[in-house]
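For clarity, every value in this text was computed on a predicted model and none was experimentally measured. Within every chain, numbering begins at 1; the chains are lettered A, B, ... in the order of the sequence lines, protein sequences first and strands thereafter.
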Number of protein chains: 2
Amino acid sequence: MNKPVAVDPADVRPYHHGDLRRALILAAERILEREGPQALSLRAVAREAGVSPAAPYHHFKDKSDLLNAIAEAGFEALGEAIKGAVAADTEAKMHTMGVAYVKFARENPALYRVMYDCSRAQDGMPDKTHGEGGGFHLVEQAMIRAGIDPSNQVDLKLWCISAWCSAHGVAEMVGFAQFKPMIDELGGEDRFIEELMSRVCHSPSSDL
Amino acid sequence: MNKPVAVDPADVRPYHHGDLRRALILAAERILEREGPQALSLRAVAREAGVSPAAPYHHFKDKSDLLNAIAEAGFEALGEAIKGAVAADTEAKMHTMGVAYVKFARENPALYRVMYDCSRAQDGMPDKTHGEGGGFHLVEQAMIRAGIDPSNQVDLKLWCISAWCSAHGVAEMVGFAQFKPMIDELGGEDRFIEELMSRVCHSPSSDL
DNA sequence: AAGTTAATCTTGACACCGTTCAAATAGCGG
DNA sequence: CCGCTATTTGAACGGTGTCAAGATTAACTT
């Protein structure tokens, strides 16, 4: 008899058919990138993972349960993107973080869609987003650096939320094709994002 | 034989089955308010209008075509809401308009959802929104009143877009249940909206 | 006024979706 | 080796968007 051949642990399918849960999430992300959010059906994910339509139900309660897993990973990636931008900017300004946020959304539009569709269906963004390494936490620190008094917790949180809202709004709308003329006039979407972000981060007068 | 009985003209179904197109839109809006956006299927709309599942296809190319009609009406109503708020505020500040915007979104969550789902699938918001009486036009005027130089068209538009983005972001996120503790601490969602809006309209320092 | 045309609506079908459930299968502990 | 449990399948149900073909009715033409 052959003893089990020594295989790369990455190739091992430890269970029945492998580590589905993970495989399903990966398959879903693949579909998301390739065909967009409206093509992301449970059956399509199962198909992509090479498994029957009912199989996912042993790893996810629901379709929305799968979506939530994807969304959570998305928010984590978003946090990483922001962190990366902060690390590259010695001043670690809100503006920098905002631009990183919007660019992440633009580079992963389908994922970003799932992230906020889930947030709306759930109670909001995943808890981890507000935790130690999460994106929201980074915003808090930047706000404090920008001069917001951290002893007034409510005020600080309000500033963070309002900033996050603005970034989200920009992220959802930069893609509107109706802005294309303006984008061309400015010389590219990156410039457009910069211009919007600097206005969001700094109002021209106090009586707006 | 009976001649047709004299009927109230309101009961008359002038066409085959009545003025469908309009009836379908109304039925859809009814479903939207009653059961939310995920219950809005073409078949359900047809059912609500008392008509066969295929009937809508003679008035709308698609399901999305119906949705677009609803979205367009929604953006018009949003413009009216903003206009109303401006009329009631002698100073006609951006802050006032922003609050009106967000409150409209919160009072018509399902409609608001359809509005932006369509905008994303289309090229953006309906053209009428930017026209003479549209909501975007009102923002432009308010921006000019707030001191933005109207001779720099690009700059003016950028200010308007950034403001609209912020309002949209707030509108989408105030509903997150995870903010409930903070809302309670502030004494209600209205107050929460005010606080966010004033921060969005007025940054604390220029180096945010 | 009658007959033709064109618009409107229905019926029935197709493919796909989310979800469930009983049966089959495979790995695991004894 | 046997049974146990987790995993997967297959088939089914009700629902969806969409389309083609036929029936019905309004409108137009002469």
Aromatic plane relationship, A/Y112 with A/Y101 - under 30° parallel, 30 to 60° tilted, over 60° perpendicular: perpendicular

Nucleotide nearest B/H58 when distance is taken to its side chain, options D/dT18, C/dT8, C/dG18: C/dT8

Between D/dT7 (P) and A/R21 (CZ): distance, integer Å: 12 Å

Euclidean distance, atom CG of residue B/L24 to atom P of C/dT8 [Å, nearest integer]: 12 Å

Length of the CG-C1' vector between A/L40 and C/dC16, whole Å: 15 Å

Between C/dC9 (P) and B/F60 (CZ): distance, integer Å: 12 Å

Electrostatic pair B/K157-A/E185, nearest N-O below 4.0 angstrom: no

Side-chain N,O (B/S52) to OP1/OP2 (C/dC9) below 4.0 Å: no

Nearest-nucleotide pick for B/A54, side chain only, options being C/dC9, D/dT18, D/dC19: D/dC19

Nearest-neighbour nucleotide for the A/V51 side chain, D/dT7, D/dT9, C/dT19 considered: D/dT9

Nearest-Å distance for atom pair NZ/C1', residues A/K61 and C/dG18: 12 Å

Residues, nucleotides or ligands: over 12 heavy atoms within 6.0 Å of A/D127 CG: no

Check: B/R43 side chain, D/dG17 base, donor-acceptor under 3.5 Å: yes

Listed nucleotide nearest any side-chain atom of B/H59, set C/dT20, C/dC9, D/dC19: C/dC9

Whole-Å distance separating the OH atom of B/Y57 from the P atom of C/dT11: 17 Å

Short side-chain N/O contact to D/dG15 OP1/OP2 from B/R47, under 4.0 Å: no

Separation of atom CD in A/E35 from atom P in C/dC16, rounded to whole Å: 13 Å

B/D65 CG - D/dT18 P separation (whole Å): 10 Å

Closest to the B/L42 side chain, choosing from C/dC17, C/dT11, D/dT18: D/dT18

B/D155 and A/R199 ion-paired at < 4.0 Å: yes

Ring centers of A/F75, A/H130 separated by less than 6.0 Å: no

Nearest-neighbour nucleotide for the B/K63 side chain, D/dT7, D/dT9, D/dT18 considered: D/dT18

